[in-house]
S.K.: 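One structure coming up, written as structure tokens, with questions to follow.
Keep in mind that this is a model prediction, so the values were computed, not measured.
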Amino acid sequence: SSWDYFLEEDARIAFIRITLFGERTVSEFEKALATIAPQAQAVVLDLRFNPGGILPSAVQMCDMLLDQGTIVSTRGRKGRYLMEFTADKQLSLDKSLPMVVLINDHSASASEIMAGCLQDLGRAKIAGQRSYGKGTVQQVFSLEDEETALKFTTAHFYRPNGHNIHRSEKMTPEDEWGVTPAADLTRPLSDLQQLYLHVRWR
């Protein structure tokens, strides 16, 4: 058996839902793109309720859709650059293919990296509602008793446009953080719609 990525309502539109950025997600995404490439005339990537995952997975998946530009960068204390990830020229999907990325307030971390990157570099439109705002690099240190650990934030993720993804406690909705859909594409989910999606996806 194989996945059918095309909408019943319109077989020209491919729909790919990414639930987590794990170790197998990159290869699964690559297969999905290869499957839809011959037929798709538009693509919807659904990152709603995606809590994030592994940074390299998000970077590699963005790279499949881009042939140039900064994907994400990390900065340490006082805004000092630590790392920058850029796209190479190889593409897994025609870059002229229209794309929309769906996010909501449960889309976090690697989801925000992907959505923010594709938005800033003009590869995709973002629809839904503002993302969660989790963009920190954390390191865990085990203590001597091996039952206790300390977790330190060592860096923050920054979008290609230079904006910080992470929402700190002091920030307000007017501050720059996370990923925000265009005004005409903002579509908050009602409680009933969220319940429906949870039941359907399970």
Side-chain angles (χ1 to χ4, degrees), residues 3 5 14-37 43-77 79-95 97 99-104 106-124 126 128 131-142 149-167 177-179:
W3 289 100
Y5 295 103
F15 180 91
I16 301 173
R17 178 174 172 248
I18 303 167
T19 58
L20 185 72
F21 290 86
E23 294 178 356
R24 296 183 301 177
T25 313
V26 173
S27 61
E28 291 171 348
F29 187 61
E30 191 170 28
K31 290 176 183 176
L33 294 182
T35 301
I36 69 171
V43 180
V44 177
L45 298 181
D46 192 347
L47 300 180
R48 292 174 297 179
F49 301 102
N50 183 320
I54 304 172
L55 172 63
S57 294
V59 170
Q60 291 178 60
M61 290 163 68
C62 287
D63 197 3
M64 293 179 197
L65 304 171
L66 299 164
D67 58 0
Q68 63 179 350
T70 297
I71 294 172
V72 67
S73 61
T74 61
R75 300 184 200 176
R77 293 179 180 274
R80 183 171 59 89
Y81 270 96
L82 298 177
M83 286 189 295
E84 184 174 85
F85 300 90
T86 57
D88 63 30
K89 292 184 178 180
Q90 289 186 318
L91 286 168
S92 297
L93 196 67
D94 187 339
K95 68 178 183 179
L97 208 63
M99 183 177 297
V100 171
V101 178
L102 303 179
I103 61 172
N104 68 353
H106 292 274
S107 304
S109 189
S111 298
E112 296 175 283
I113 289 172
M114 187 171 198
C117 166
L118 297 178
Q119 183 182 53
D120 291 350
L121 299 182
R123 181 61 188 91
I126 308 300
S131 62
Y132 181 80
K134 182 178 184 293
T136 56
V137 181
Q138 295 181 319
Q139 192 167 357
V140 179
F141 297 91
S142 297
L150 293 176
K151 183 162 62 174
F152 292 95
T153 297
T154 57
H156 287 81
F157 293 125
Y158 282 78
R159 296 170 51 165
N161 65 8
H163 292 161
N164 179 28
I165 289 176
H166 194 68
R167 175 186 56 177
W177 52 265
V179 181

S.K.: Is there a donor-acceptor pair under 3.5 Å between the side chain of Thr74 and the backbone N or O of Met83?
M.R.: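 It does hold such a pair.
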S.K.: Answer whether the closest heavy-atom distance between the side chains of Ile165 and His156 falls below 4.5 Å.
M.R.: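 Ile165 vs His156: side chains apart.
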S.K.: On a heavy-atom basis, which atom in Pro51 and which in Ser109 lie closest, and how many Å separate them?
M.R.: O-CB, 3.7 Å
S.K.: Minimum heavy-atom separation for Ser111 and Gly52, please, with both atom names.
M.R.: OG-N, 4.0 Å
S.K.: Evaluate the criterion side chain to side chain contact (heavy atoms under 4.5 Å, CB included) for residue pair Phe21 and Met114; output intermediate values, then yes/no.
M.R.: CA-CA 10 Å; Phe21 290 86; Met114 187 171 198; 3.8 Å; yes
S.K.: Would you compute the distance between atom CG of Asn161 and atom SG of Cys117 and round it to the nearest 0.5 angstrom?
M.R.: 10.5 Å
S.K.: Determine whether His166 and Asn164 satisfy the following criterion, side chain to side chain donor-acceptor pair (under 3.5 Å), listing intermediate values before the conclusion.
M.R.: CA-CA 6 Å; His166 194 68; Asn164 179 28; over 6 Å; no
S.K.: Quick check against the 3.5 Å criterion: does Ser131 have a side-chain atom that pairs as donor or acceptor with the backbone of Val179?
M.R.: yes
S.K.: Rounded to the nearest 0.5 Å, how far does OG1 of Thr35 lie from OH of Tyr5?
M.R.: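 If I round to the nearest 0.5 Å, the distance is 5.5 Å.
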S.K.: Is there a donor-acceptor contact under 3.5 Å from the side chain of Glu112 to the main chain of Lys134?
M.R.: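 At least one qualifying donor-acceptor pair exists.
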S.K.: With a 4.5 Å cut-off on side-chain heavy atoms, are Tyr132 and Ile103 touching?
M.R.: no
S.K.: So do the side chains of Val44 and Ile16 get within less than 4.5 Å of each other, counting heavy atoms only?
M.R.: no
S.K.: To the nearest 0.5 angstrom, please state how far the OH atom of Tyr158 sits from the OG1 atom of Thr70.
M.R.: 15.0 Å
S.K.: Taking the side chain from Ser57 and the backbone from Gly22, do they hold a donor-acceptor pair closer than 3.5 Å?
M.R.: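 Side chain of Ser57 to backbone of Gly22: a pair is present.
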S.K.: Between the main-chain N or O of Asp88 and the side-chain N or O of Asp63, is there a donor-acceptor pair closer than 3.5 Å?
M.R.: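 Judged by distance alone, yes, a pair lies under 3.5 Å.
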S.K.: Within a strict 4.5 Å, meaning less than it, do heavy atoms of the Ile36 and Phe15 side chains meet?
M.R.: no
S.K.: Taking the side chain from Thr25 and the backbone from Leu20, do they hold a donor-acceptor pair closer than 3.5 Å?
M.R.: yes
S.K.: Taking the side chain as every heavy atom from C-beta outward, state whether Gln60 and Phe29 have any pair of such atoms under 4.5 Å apart.
M.R.: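 They are not in side-chain contact.
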S.K.: Heavy atoms, side chains only, cut-off 4.5 Å: are Leu45 and Met99 in contact?
M.R.: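 Yes, at least one pair of side-chain atoms sits under 4.5 Å.
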S.K.: Are side-chain heavy atoms of Lys95 and Leu66 found at a separation under 4.5 Å?
M.R.: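 They are not in contact (no side-chain heavy atoms under 4.5 Å apart), so the answer is no.
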S.K.: Could you walk me through whether Leu33 and Met61 pass the side chain to side chain contact (heavy atoms under 4.5 Å, CB included) check?
M.R.: CA-CA 10 Å; Leu33 294 182; Met61 290 163 68; over 6 Å; no
S.K.: Charged N to carboxylate O below 4.0 Å: is that the case for Arg159 and Asp120?
M.R.: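 The answer is yes: the pair qualifies as a salt bridge.
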S.K.: Among Ile18, Leu102, Thr19, find the one that has a side-chain contact (heavy atoms from CB on, under 4.5 Å) with Leu47.
M.R.: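 One option only clears the test, and that one is Ile18.
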S.K.: Does any part of the side chain of Val101, heavy atoms only, come nearer than 4.5 Å to the side chain of Asp46, both counted from C-beta?
M.R.: no
S.K.: Can you give me the closest heavy-atom contact between Trp177 and Gly133, atom names plus distance?
M.R.: CE3-CA, 3.9 Å
S.K.: Report the distance from atom CZ of Arg48 to atom OG of Ser107, rounding to the nearest 0.5 Å.
M.R.: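 Taking CZ in Arg48 and OG in Ser107, the distance rounds to 8.5 Å.
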S.K.: Rounded to the nearest 0.5 Å, what separation is found between the CG atom of Leu93 and the CG atom of Leu65?
M.R.: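 Answer for the CG-CG pair, Leu93 versus Leu65, is 6.5 Å.
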S.K.: Using modelled atom types and a 3.5 Å cut-off, is there a donor and acceptor pairing between side-chain atoms of Asn50 and backbone atoms of Ala108?
M.R.: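 Checked: no pair found.
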